[in-house]
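The structure appears below as structure tokens.
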Amino acid sequence: MSSQDLPSGAQTPIDGSSILEDKVEQSSSSNSQSDLASIPATGIKAYLLVCFFCMLVAFGGFVFGFDTGTISGFLNMSDFLSRFGQDGSEGKYLSDIRVGLIVSIFNIGCAIGGIFLSKIGDVYGRRIGIISAMVVYVVGIIIQISSQDKWYQLTIGRGVTGLAVGTVSVLSPMFISESAPKHLRGTLVYCYQLCITLGIFIGYCVTYGTKDLNDSRQWRVPLGLCFLWAIFLVVGMLAMPESPRFLIEKKRIEEAKKSLARSNKLSPEDPGVYTELQLIQAGIDREAAAGSASWMELITGKPAIFRRVIMGIILQSLQQLTGVNYFFYYGTTIFQAVGLQDSFQTSIILGTVNFLSTFVGIWAIERFGRRQCLLVGSAGMFVCFIIYSVIGTTHLFIDGVVDNDNTRQSSGNAMIFITCLFIFFFACTWAGGVFTIISESYPLRIRSKAMSIATAANWMWGFLISFCTPFIVNAINFKFGFVFTGCLLFSFFYVYFFVSETKGLSLEEVDELYAEGIAPWKSGAWVPPSAQQQMQNSTYGAEAKEQEQV
Ligand SMILES: OC[C@H]1O[C@](O)(CO)[C@@H](O)[C@@H]1O
């Protein structure tokens, strides 16, 4: 940016680079203190506007959640079974392989979309990226909705839908983090997860409403609603200003000014817009100076890069291995097997708990830190899953036979309660905690590579679990719960011994933490040397003043 771009009234930084670096340094920490000075002069209205824009983008998460919430119901709809099922002795049924593929192909699509299609956002901008994804999404929905009785057509359609959802799930959080005011960044990015849970909840409600229709509207109406979501997201993207960061990166400075001006309700020539432009530019320069690491550096990089990369992969894998999607994808089926009157109702309860608990999560992650949340989450989910599996194996399927009605009823209710508690622990901790800690654990130059590997691990486990669950549940029933119980036990010790706290630290301070070799279980109490220095200065300063006064 040249000084000609400087609007009248803007202060020329005397030592621009250092001032900017300082500011950017602060902003690179997602935990920076509320910086009231950065609230634009137009005040609360501009604030609300930018938050509204971010919520529009977060709606991408809703599209993801809606799929999860509806597929669980589809598997138990009579019309769905009669069209896509096979002939069996008791009528049409969906074989394990069909169920596994129909459900899990979505995750494969997501992984591919997230890795490849999301590049559209880097080349043409986040808005065009999300709009293109919605076009793909609509194609996927058309393929699904027009399936007459070909289960593989439906499966292909779900794969195509997955491509779109994977793309959105990379671009949405990225777009939000680039547009949100810095001290609300973490919270607004978390809104993406909140929208996933809202989507799951609405998906459950819609399938609850359509399950009793007596034709294909049972599943076609929920699928048809997806067109509405796509239109909403496209209109939202058209209304939303493009990411200023993307525009600056592409040297489209005038457009970047307009974008910043619009989302801050300022004139493009306002000094505030100029300052913001410079801050973003400084961030980009810093990243460029850091360079992009080679893949090899993920193994050889210092300090402890390889350990951190492995940590990202393990945490994302463990997030799926908590077993949460065992409930979300197959909840309706599981609770029907338990013999509940209306397993669709049960799903709505689970969806409500998941949605509401996410608010607690947004608060808890900042209040207690990432490590503590993950530890409490692992312990809580472990206890819940153990109780769930013990009740299931001892009271519901004794020698493979469902026990008598009374026992079944009370055991079923106990299991619903325990499942709700499990989901509460998940939503408050591992749901957002994993993403948060991973996004804070890498230096800039390896950040995107390390995070994409970790995310791919999440999709891969999502695929494996959703594909294998029908087979395993049919083979060993509720004993499957013990597999997740084992993973949860492991997750507790893994977090305790290998995951360091990142709350309140800038990316550079996280590097220092690893360079000093601080044990993860002591990392929560660790104070970065720079902060220690400041504390000392202020103490000496105070003492000196006192002495002067004396
Ligand atoms: O809210 C539960 C949902 O959240 C996710 O973990 C994504 O963060 C999904 O895998 C799951 O279906």
Side-chain angles (χ1 to χ4, degrees), residues 58 60-73 103-104 106-111 113-114 158 161-162 165-166 168-170 172-173 176 186 189-205 312 315-332 334 347-362 364-365 370 373-374 377-378 381 384 419-439 451 454-467 469 484 487-488 491:
F62 180 94
V63 173
F64 174 20
F66 190 76
D67 182 274
T68 307
T70 46
I71 192 63
S72 160
V103 177
S104 66
F106 178 82
N107 291 70
I108 300 258
C110 286
R158 280 186 55 74
T161 310
V165 170
V168 172
S169 65
V170 170
S172 283
I176 299 172
V189 171
Y190 214 116
C191 283
Y192 177 78
Q193 177 68 24
L194 188 68
C195 284
I196 296 181
T197 60
L198 183 64
I200 296 180
F201 170 67
I202 300 289
Y204 285 151
C205 292
L315 283 181
Q316 284 285 19
S317 306
L318 284 172
Q319 199 219 37
Q320 289 297 318
L321 286 165
T322 55
V324 68
N325 283 324
Y326 161 80
F327 290 114
F328 283 127
Y329 290 141
Y330 295 107
T332 321
I334 295 168
S347 297
I348 294 185
I349 300 174
L350 302 189
T352 312
V353 173
N354 189 34
F355 175 63
L356 295 179
S357 312
T358 306
F359 288 97
V360 183
I362 294 177
I365 286 285
R370 292 64 172 137
C373 279
L374 294 181
S378 294
M381 289 188 284
C384 292
T419 309
C420 287
L421 207 57
F422 169 89
I423 287 178
F424 166 79
F425 278 116
F426 176 81
C428 296
T429 59
W430 279 72
V434 169
F435 178 77
T436 311
I437 204 160
I438 289 178
S439 68
M451 283 182 69
T455 311
N458 185 297
W459 291 124
M460 194 200 73
W461 278 105
F463 162 74
L464 284 176
I465 290 174
S466 51
F467 182 70
T469 294
F484 296 121
C487 295
L488 284 162
S491 73

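Atoms within each ligand, like the ligands themselves, are counted from 1 in listed order.
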Looking at CZ of F484 and CG of L488, how far apart are the two atoms once the value is rounded to the nearest 0.5 Å? 9.0 Å
How long is the gap from CD1 on I465 to CE on M460, to the nearest 0.5 Å? 9.5 Å
protein heavy-atom neighbour closest to atom 11 (C) of ligand 1 works out as N325 OD1, 3.3 Å
What atoms in ligand 1 come closer than 4.0 Å to a heavy atom of Q319? 6 (O), 8 (O)
By number and element, which atoms of ligand 1 are closer than 4.0 Å to a non-hydrogen atom of F328? 2 (C)
Judging by distance only, is a nitrogen or oxygen of T197 under 3.5 angstrom from one on ligand 1? no
Of Q320, Q316, Q193, the residue with the heavy atom nearest atom 8 (O) of ligand 1 is Q193
Whether F426 and F422 hold their rings parallel, tilted or perpendicular, with breakpoints at 30° and 60°: parallel
Tell me whether the rings of W459 and F64 are parallel (<30°), tilted (30 to 60°) or perpendicular (>60°). tilted
When you measure from the heavy atoms of F426 to every atom of ligand 1, does any distance fall below 4.0 Å? yes
Non-hydrogen atoms of N354 versus ligand 1: any pair closer than 4.0 Å? yes
Is the contact between N458 and ligand 1 made by the side chain, the backbone, both, or neither, using heavy atoms and a 4.0 Å cut-off? neither
Residues passing the side-chain hydrogen bond (donor to acceptor under 3.5 Å, both in side chains) test with W430, sequence neighbours excluded, are S378
Any heavy-atom pair between the side chains of N107 and S466 that's under 4.5 Å? yes
